[in-house]
Amino acid sequence: MEWANLGAALAMALAMAIMLGRLFAGPSLYDRVLAANSFGTKTVLLLLIFSLLVGRADGVDIALLYALINFIATIAILKFFRYRSLEIALAQMSLRRAIDGDDD
C-alpha cells in the first residue's frame, strides 16, 4: 500500500510540473488562471497523499485550509482582472441595487 501512495505522489508531482508548464506558456490570462487553480488543487491532493505516507492526520486540516485559500484567491484574481480593481465591483453592485430599487 505504501508503494501505491508513493506512486500516486510521484504522479501528482509530474502533473504539477505539467501544470507549471501550462501556467507559464498559457496563451491567455484565463488559461493561466485555470492552470494556477489546477496547480493549487493538485497541491491539496499532494498534501493529502503526503499525510497518508507520513501517517499524520494533521495534513488533512492543512490541505483543507489551503483549498479554501486557493478558491478565494482564484475568485479574487478573476474579479480583479475583470474590473481592474476589487473595489469597483462592490461599488457597481451597490449602484445597481440603488438603480433597481432593491431594498434587500
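What you are looking at is a predicted structure, and each value in this text was computed from that prediction instead of being measured.
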Response to the item:
So the side-chain hydrogen bond (donor to acceptor under 3.5 Å, both in side chains) pairs with at least one residue in residues 13-33 (sequence neighbours excluded) are S28-D31
Discussion item. According to salt bridge (charged side-chain N to carboxylate O under 4.0 Å, His left out), does anything in residues 67-76 pair up with another residue at least two apart or in another chain? List the pairs.
Written reply: none
Worksheet entry | Residues clustering with I18 (ILVMFWY side chains joined when closer than 4.5 Å, directly or via others) | L14
Worksheet item: Quick one: CG on L78 to CG on L34, what's the gap to the nearest 0.5 Å?
Response: 9.5 Å
Worksheet item: Quick one: CG on L53 to CG on N5, what's the gap to the nearest 0.5 Å?
Response: 5.0 Å
Worksheet item: Among the clusters formed by ILVMFWY side chains lying less than 4.5 Å apart, do M16 and F24 turn up in the same one?
Response: yes
Would you be so kind as to tabulate the donor-acceptor pairs closer than 3.5 Å made by side chains of residues 54-65, with sequence neighbours excluded?
{"residue": "R56", "atom": "NE", "partner": "D58", "partner atom": "OD2", "Å": "3.4"}
{"residue": "R56", "atom": "NH2", "partner": "D58", "partner atom": "OD2", "Å": "2.4"}

Show me, pair by pair, the donor-acceptor contacts under 3.5 angstrom made by side chains of residues 39-48, not counting sequence neighbours?
{"residue": "T41", "atom": "OG1", "partner": "N37", "partner atom": "O", "Å": "3.0"}
{"residue": "T43", "atom": "OG1", "partner": "F39", "partner atom": "O", "Å": "2.7"}

Discussion item. With side-chain hydrogen bond (donor to acceptor under 3.5 Å, both in side chains) as the rule and sequence neighbours excluded, what pairs involving residues 6-17 come up?
Written reply: none
Worksheet item: Can F50 be reached from L52 by stepping across I, L, V, M, F, W or Y side chains whose heavy atoms are under 4.5 Å apart?
Response: no
Worksheet item: Can you hop from I72 to I75 via hydrophobic side chains spaced under 4.5 Å?
Response: yes
Worksheet entry | Transitive ILVMFWY side-chain link F71 to L68, under 4.5 Å | no
